[in-house]
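Just so it is clear: chains get the letters A, B, ... in the order the sequence lines come, proteins before strands, and each one is counted from 1.
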Amino acid sequence: MFDIVAFIPRMVAQSIPLMLGSTGETITQKSGNLNLGIPGVMYVGAISGVIGSFLYEHSCGGSAEAMNPFLTIAIPLFCCLLGSFLMGLLYCILTVTLRANQNVTGLAMTTFGVGFGNFFGGSLIKLTGSDIPSIALSATSNAFRTTLPFASAAGTVGKLFFSYGFLAYAAIIISLAAAYVIRSTRVGLHLRAVGESPATADAAGINITKYKYVATILGCMIAGLGGLYYVMDYANGVWSNDAFGDRGWLAIALVIFTIWRPDIGILSSFLFGGLYILYLYIPTGVNLAVKELYKMLPYIVTIIVLIITSMRNKRENQPPASLGQSYFREER
Amino acid sequence: MDNTTPAVALRGITKTFGTVVANHHVDLDIRKGEILALLGENGSGKTTLMNMLSGIYYPDEGQIFINGEEVTIQSPRDAFRYGIGMIHQHFKLVDVFTATENIILGLEEKGRLDRAAASRKIREICDLYGFSIDPDRKIYQMSVSQKQTVEIVKALYRGADILILDEPTAVLTPQETEKLFAVLRNMRADGKAIIIITHKLHEVQALSDRVAVLRKGAYIGEMMTRDTNPQEMTNMMVGHQVSLNIRRPDPVDPKPRIEIKGLTVTSPEGVLKLDHIYFDIRGGEILGIAGISGSGQKELLEAIAGLQRVESGQILYLHDDGRKEELVGRDPLEIQKLGVALSFVPEDRLGMGLVGNMDLSENMMLRSFRAGHSVFTDRKHPHELAEKVVEELEVNTPGVSTPVRRLSGGNVQKVLVGREIASSPKVLLTAYAVRGLDINSSYTIYDLLNQQKEAGVAVVYVGEDLDVLLELADRIVVLCGGRVSGILDGRTADKNEVGMMMTELGGSERIKAKEREE
């Protein structure tokens, strides 16, 4: 039968990359930048972390005892943030400073990011010389998946609430913080003004370029963490090419679904995370074809959601008015 | 003259955009406690000059003095610091924000964001100068004049002593304009320096103390308002003698061309846009349509042109031989073939009718691309037509292969109106044909419409400026909230009467009174 206690932790784990991706993209979109490069950014975030931890694990000779617990976490984390920072910077230079088309830039970055990830992933796999086409970073992964000591002792409650690595809690905190900043602070007000009407924000003395750069790069770094979480926590430190799949696109779709609110994003990430793995928990017997149909669920729901959201017409729930447009003050 | 230091002094300001010189060595003084009217044709550089004061543009050359001290204004933030506030022609407001959020936008105050305290302060400012706005209302729920009020309060909230208003009355009814002027006079009494950019000479006379004139980016001169008259101001603006009276030839053999009976239109959101409209459009006369923007003008014209779904009612087209034909339910192409031409100039000018990225002759083709039998389009005739329009209407363009997007507003409108007239229509529907145009271009358009009228065409002119409507139109249909609140003779109608009929209150009372009579 349907095992809810086993299902929920998997659902949460599945939802964290989506949550980080959509929170990052929401912050970006609030500044008026439609970054379709998020899937690529998440790939780059993941592979950068993998490269960092691979090199560190190897420098320690592969023995978990020789590794400094702090560095085990800090090196992949730093590499991941650096990789996604550079991706964000690239996007901003192209779209904000050079005013390139945002859609084209984003799509190019996704193509680039996925290729970048697979290329270096492939190189690392070659380096290990193993027969299986994947790298296992178990020591790093163990560090990322360390839970609070009492989690396993707390029974069902522990399993439902305390069985996750620190990045999962960080994701929820980041999303809540983002929601608070966007809604209730001066910075959030200015950010929204930049995305809604840059000319207005400019006339009000807000530095458009600064807000766009900071929001987009920060958004990319948050999304990059989603990639890192996927490899280190969800996939137990195993990198194999293309395993991350299309989670990045789902994260972008989630932004629309959550009407640009990261707090709603937490719940809807859970929903989509659940849909993503529902097929594993629905007894279908030996008929594999039915399983494949269940795998379609997140995408079908995405399409339905897009239809429903296109029909609502409340002004507050619309995308930022200048989303996807670049701004040039002296344009006549 | 008083010899106190001017609040603002501009010296030798020059600004170029590429090869276009927008301002050329402009000197200008603005004093405290006075209202200065800045006059000039389209493209004479008024807005550019003021944008340099408000920090949107940065001058290439020249100096700016505020209260006698030389300053550099590099950004809007600098402008606030020197107490300069500008109310732009296109409001700089975020639609989904409340009035309060818009007003405090960009302010770097210490501490956390306290919307309630800001709202209180805004109410105080409103009480002081006699504004009435609700600070917690969202901008998209506000009327145009309320939005303008928010803009003014925004400037005052930032402590502006120098207030610049760019064509503030373009979108207001006469009553709202009067209210705005009263507020501006209050502020003048409070010692603020006010600059108002406008095309409307009677407003200059009603409001300002001093007039400064720009022509082609250069400063022409200034005078005290009480010492000058509209004719002199116009001559200075245009650079040569212009007749200010709009010609109104008598209607030529007016006979009904279109009869509108009980026309009702609802928007896709279910809002009633036109509510049982009755009137007729006659050949050989200009029918003016007055009304606050959004009272159903667009829907009316589009319904006639077949672009709008009609809920109920009839639109009958009368042929020369007296045959009547129903237009409702016809597709736009058939209606066009009957000789109904629509030239609608929306706010952004290009939205309907012209394609910005296409050049002049290609835009001419939008009307004729179905002609001929070959699979290839005929480019020769549209090209000739484009050249004819450019020549006859004095369109200022490098050539007929220039994208329309690159032309200035007035020239775009000439191209649009010129094309519609070239199709030798029986009915010419124009909306806001002179929107934002300077005096010279406006008069060219009026002449064109009059020529059409004299040729027996039924001209419908939807306009914003009541003074023009009253001088140009033979009859005026006044719309108010989608209903006809009156049909007046253009030669005898009174401006205040029309203004009252346009507003919700006056208009709907009249409608009720009429219903009682019936």
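In this structure, the separation between NE2 on H88(B) and OG1 on T200(A) is 9.0 Å, given to the nearest 0.5 Å. For the atom pair NZ (K92(B)) and CG (D202(A)), the distance works out to 7.5 Å, reported to the nearest 0.5 Å.
Inspection of non-hydrogen atoms places R183(A), S184(A), T185(A), R186(A), L189(A), H190(A) of residues 172-190 of chain A under 4.5 Å from chain B.
F166(A) is linked by a ring-ring contact (aromatic ring centres under 6.0 Å, His included) to F144(A), counting only residues two or more places apart in sequence or in another chain.
Enclosure of atom OH in Y140(B) by more than 12 non-hydrogen atoms of other residues, nucleotides or ligands within 6.0 angstrom is indicated. For F161(A), the CZ atom is loosely surrounded, since the number of other residues' heavy atoms within 6.0 Å does not exceed 12.
Heavy atoms closer than 4.5 Å to chain A are found in the backbone of Q74(B), but not in its side chain. The contact between L105(B) and chain A is made by backbone and side chain atoms together, counting heavy-atom distances below 4.5 Å.
Using a 4.5 Å heavy-atom cutoff, the side chains of E196(A) and V96(B) are in contact.
A203(A) approaches P76(B) most closely through the heavy-atom pair O-CB, 3.1 Å. When every heavy atom of V94(B) is checked against every heavy atom of S197(A), the shortest pair comes out as CG2-CB, 4.3 Å.
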